[in-house]
Amino acid sequence: MPYQPGAVRLDTIQQPDTSATAEVPVPEPSALARQYQRSGDLLWVADTALGFLIPALLLWSGLSARMRDWAARAAGARWFRSIAVYSVLFTVLMTLLNLPLSWYQGFVREHAYGLSNQTLGRWLGDWIKALGLGCIVAPLLLWIPYWLLRKSPRRWWLWTGLAAIPLSVLALVITPLWVEPLFNQFGPLENKALEMRILALASRAGIERSRVYEVKKSVDTKTVNAYVTGFGASKRIVLWDTILARLTPREILFVVGHEMGHFVLHHTLAVILGATLLATLSLYTVHRLAARLIQRHAGRFGFARLDDVASLPLLLLLSSLVSFAVTPFALAGSRYMEHEADRFGLELTRDNRAAALTFVRLQEENLDVPRPGLLHRLWRGSHPSLAQRIEFANRYRPWATGGRLRYAQMFHSAASP
């Protein structure tokens, strides 16, 4: 029988769970989890260093200028074709130079810690797909900043930053429909009883025509995850089959409630606007610094103007430096939104214990450390620490008498006929 609004009693979801109210302690991380985090931090340092080193090498060696010359000869000196050929050459070279670290980080290390089911053939297949996708997308996008550099050399950074808004929206619409299926097998949620409970939860949150997808990630990984993706008609909640297999229905409902919070609280829009602001400020900084560097090192670089496509490594290098500096601020905003999504999930499900147990399970399954160090939180922490999330789930009381619920009126309105 298909789901019909009102078929599930909302009061069975709204009532707090009083059968198990004991606080959930924050578990100590295993020795393996500590080692996994340390190795991850070292790999992050290596990846960050390569992000600076490779563009600098292409720039100061003059290789980028020679690639521009090759692209111009291959394209018959036509500007757009030259940009396209250069972007493909650059994408292939950068991907190959990063291949050893990508292979170790994404395949060898995950198998060493018992977190991966992926075969080498499947990993290589995904790597080739990503490379091919990059070779298609790069020519479609790279001409935009260089065309703006030609048309408006003083304000190109502003127009490029603003162009990020429609491009981000387009990417959010296209990615779930065309890109992610290249790497994963998506389908409807197989557990129909759970799907009915999720749809009832979505109805209470005011999300009509919600779509929940199950993705077959167990062929690649043993870790668990769920996420919200898409924009407009392509928006969806995606649950890995690993999380469906290892979490209880109550825990899964909290996870889904958390993801619904991102929809209802317009976090996608906030991310787009925030990223646009940061990108625009970053590009302005790049604009000011690049002119001085070109003036001093034009002979070494092999170009004298920023609108020369050979300047791409310079733009990438300076952008990486600026990005490194602003990352703590961007991640602080991300942690705030994740915390609010946790609050939303608690107020929607009224199941504190299930929420706390969910975070414990995430710690166990993903080899997380509940209290990471300061540098890890500042430069890698997109979510509050698991200890903070467990403790918040323990103490937050969405049903407390006289308490001011942040989203209570929203839920009341959604539940009203």
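Since the structure is predicted, the reported quantities are computational estimates derived from the model, not experimental observations.
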Does [X] come within less than 4.0 Å of [Y], counting only side-chain N to carboxylate O?
X	Y	result
R250	D351	yes
K235	E259	no
E365	K222	no
E190	K192	no
R335	E338	no

Quick one: does [X]'s side chain have a donor or acceptor within less than 3.5 Å of a partner on [Y]'s backbone?
X	Y	answer
R389	A356	no
T268	T229	no
N117	S218	yes
N366	T223	no
S102	N98	yes
S282	L278	yes

| message | By the definition side chain to side chain donor-acceptor pair (under 3.5 Å), identify the one residue from D241, N184, T242 that meets it with K217. | response |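 The passing option is N184.
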
| query | What residues, two or more places apart in sequence or in another chain, satisfy salt bridge (charged side-chain N to carboxylate O under 4.0 Å, His left out) together with R371? | reply | E391

| said: Check this for me: W147, atom CH2, are more than 12 non-hydrogen atoms of other residues, nucleotides or ligands nearer than 6.0 Å? | reply: no

| query | Counting only heavy atoms not in H266, do more than 12 fall under 6.0 Å of its NE2? | reply |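 12 or below, so no.
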
| task | Verify side-chain contact (heavy atoms from CB on, under 4.5 Å) between R150 and W79, making sure each step is shown before the conclusion. | result | CA-CA 11 Å; R150 283 189 163 194; W79 180 80; 2.9 Å; yes

| task | Evaluate the ring planes of F254 and H258, with Trp represented by its six-membered ring, and classify them as parallel (under 30°), tilted (30 to 60°) or perpendicular (over 60°). | result | tilted

| said: Can you classify the ring geometry of W379 versus F324 as parallel (below 30°), tilted (30 to 60°) or perpendicular (above 60°)? | reply: parallel

| said: Given the ring of F392, does R343 sit roughly above its face, with NZ or CZ under 6.0 Å from the centre of the six-membered ring and within 45° of the axis? | reply: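 Verdict for F392: no cation-pi partner in R343.
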
| request: Cation-pi check, R68 to Y86: give yes when NZ or CZ is under 6.0 Å from the six-membered ring centre and within 45° of the ring axis, no otherwise. | output: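 No, a cation-pi geometry is absent between R68 and Y86.
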
| request: Decide side-chain contact (heavy atoms from CB on, under 4.5 Å) for I83 and Y146; before the verdict, give the C-alpha distance in whole Å, the side-chain angles of both, and the deciding distance to 0.1 Å. | output: CA-CA 9 Å; I83 292 283; Y146 282 100; 4.2 Å; yes

| Can you list the steps and then say if L357 with R361 is a side-chain contact (heavy atoms from CB on, under 4.5 Å)? | CA-CA 6 Å; L357 290 173; R361 186 56 63 98; over 6 Å; no

| task | Using distance alone, with no hydrogens and no angle criterion, decide if E110 and Y36 have a side-chain donor and acceptor under 3.5 Å apart. | result | yes

